[in-house]
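A note on names: the letters A, B, ... follow the listed sequences, proteins ahead of strands, and every chain is numbered from 1.
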Amino acid sequence: MTSAEKDLYPIGTVEKKTGLSARQIRYYESMGLVNPVRTNGGQRRYTENDVLRLIRIKQMRDSGFDLKSIKEKIQVFEQKLEEISLPSVNPAQVKLSSLYPVSNRAVLMKLLEKK
DNA sequence: TTTCTGACA
DNA sequence: TGTCAGAA
């Protein structure tokens, strides 16, 4: 199986997949909660990971968290991703299994499709 | 037709 | 957040 994770969705599809309105999706982006890429025409294109991230945001929102808390949560998450991505870090020094329930870094990176 | 930005209720 | 306008 080749690379089966290059799908990009327009905001309309994301609305259906997440249950959020385009208004909310764009607003969350302005708050730094998601970073979709843009087409030449300026339209937003979301990856599967952006969709999953938006679903998590929606769940947290429904759980009573304000956007500020959610934003902080995401920033901490991104920060941890950087840590485990640093080639200078020895796997033995990072208790990956205690941070995320994945068997290895490749799986995690694929799940989050980060550089 | 769909999406974009800005703006107003 | 919803929704309208005007443009792409």
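Here the P atom of nucleotide B:dC4 and the CZ atom of A:R23 are 13 Å apart, to the nearest Å. Protein atom OH of A:Y9 is 18 Å distant from nucleotide atom C1' of B:dT3, rounded to whole Å. Here B:dT2 presents its C1' atom at 10 Å from CD of A:E15, a figure rounded to the nearest Å. Separating the OH atom of A:Y27 from the P atom of B:dG6 is a distance of 15 Å, rounded to the nearest angstrom. Rounded to a whole Å, the CD atom of A:Q43 is 17 Å from the P atom of C:dA7. In this structure, the NZ atom of A:K16 is 8 Å from the P atom of B:dT3, given to the nearest Å. Atom CG of A:N40 is separated from atom C1' of B:dC4 by 15 Å (rounded to the nearest Å).
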Steps toward side-chain contact (heavy atoms from CB on, under 4.5 Å) verdict (A:D50, A:E29) | CA-CA 10 Å; A:D50 289 324; A:E29 180 187 346; over 6 Å; no
Evaluate the criterion side-chain contact (heavy atoms from CB on, under 4.5 Å) for residue pair A:K71 and A:Q75; output intermediate values, then yes/no.
-> CA-CA 6 Å; A:K71 181 177 182 179; A:Q75 296 187 318; 3.6 Å; yes
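Hydrophobic clustering keeps A:V34 apart from A:L52 (ILVMFWY residues linked when any side-chain heavy atoms are closer than 4.5 Å, directly or through intermediates).
Contact annotation: A:R26 side-chain N/O to B:dC4 OP1/OP2 distance is under 4.0 Å.
When A:K16, A:E48, A:R45 are each tested for a side-chain hydrogen bond (donor to acceptor under 3.5 Å, both in side chains) with A:Y9, only one passes: A:E48.
Among the heavy atoms of the strands, none lies under 4.0 Å from A:R45. A:G41 comes within 4.0 angstrom of no nucleic acid atom, judged by non-hydrogen atoms across all strands.
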